[in-house]
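The structure appears right after this line, and notes come after that.
Heavy-atom basis, side chains included; hydrogens, waters and symmetry copies ignored. Counting starts at 1 for both ligands and their atoms, following the listed order.
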Amino acid sequence: MTAVTQIGGIIYLITILLVKKSVEKKRLKRIGIFTVLYLVATFLIVPNVSPFFGREKIKETEFLKAHSFFYKLTNRNYVRPELNNAIGQIATEFERQNRGIKMVYLDANFPFINKFPLLPHLSHNDGKKIDVSLIYERDGKLSNKKPSVSGYGVYEAPTEKEYDQNVVCKAKGNWQYDFPKYLTLGTFNKDIEFSEKGTRQLAELILKQKNVDKLFIEPHLKTRLNLNNGKVRFHGCQAVRHDDHIHFQLK
Ligand SMILES: [Zn+2]
């Protein structure tokens with residue numbers, strides 16, 4: 001529970017202390033108390049305490065949204081104030097260029113403690129990292145729909161002519177490179193397709209931010225989208241493939 005939500009384990013301990021073993025209907029009472037405490041902590045306490053630890057809850061707007069409620073319910077939506085400002089600006093500018101189209105975020109960071117990893121990501125542990133969804137289109141028009149329930153694991157794979165990083169990493173023994181294909185939790189919106197134009201615009205806006213240090217996207221998409229900025233890097237075979245989302249981070 002702590003691994004998924006950071007605060008879940010502590011809340012569970014408090015619950016056990018509050019509801020003694022001898023109490024009647026112990027299980028039911030524990031579940032009830034845990035749920036209430038967890039929700040109060042997640043939505044009322046943590047957002048107000050995290051700034052003292054240098055992190056803020058992502059400030060959502062009409063056009064900056066979590067892919068699903070899961071990310072907010074599990075406290076995976078915390079960033080440093082500088083990153084909060086940057087994402088806000090990127091989303092606003094992106095919507096100015098594409099009316100009604102949202103910037104959708106996935107995993108960011110937990111609210112507390114540097115080096116506390118947000119699994120399954122290796123590096124989302126300092127408030128400086130965030131993943132955002134690629135942009136898709138339907139009948140040639142940009143859409144807010146995404147292909148995966150979780151937000152991860154549906155790949156915009158290389159064509160036969162494009163460089164295939166997955167094959168290269170697998171050959172090196174990095175079996176985990178395309179592991180997120182098991183983490184989709186289902187797929188939907190089969191009528192959408194990857195938008196080169198929309199994703200390139202979003203990537204360019206991210207790269208334009210002065211305090212953005214690195215952006216990770218799969219090499220074949222870097223080439224396909226013609227992203228020449230030096231901030232666009234390869235994340236390495238020990239990570240997972242990035243043709244289902246874009247990762248970026250501050251200096
Ligand atoms: Zn990431």
Which atom name does His247 have for its N/O/S atom nearest to the Zn ion (ligand 1)? ND1
Could you go through the side-chain hydrogen bond (donor to acceptor under 3.5 Å, both in side chains) check for His124 and Asn109 one step at a time? CA-CA 5 Å; His124 287 226; Asn109 311 263; 4.8 Å; no
Near the Zn ion (ligand 1), is there an N/O/S atom from His245 that is less than 2.8 Å away? no
Are the side chain of Asn84 and the backbone of Lys57 linked by a donor-acceptor contact shorter than 3.5 Å? yes
Checking one value in my table: which N/O/S atom of Asp131 lies closest to the Zn ion (ligand 1)? OD1
Before we go on, tell me: are the rings of His242 and His235 under 6.0 Å apart, centre to centre? yes
For a quick check under 3.5 Å, do Asp131 and Tyr152 share a side-chain donor-acceptor pair by atom type? yes
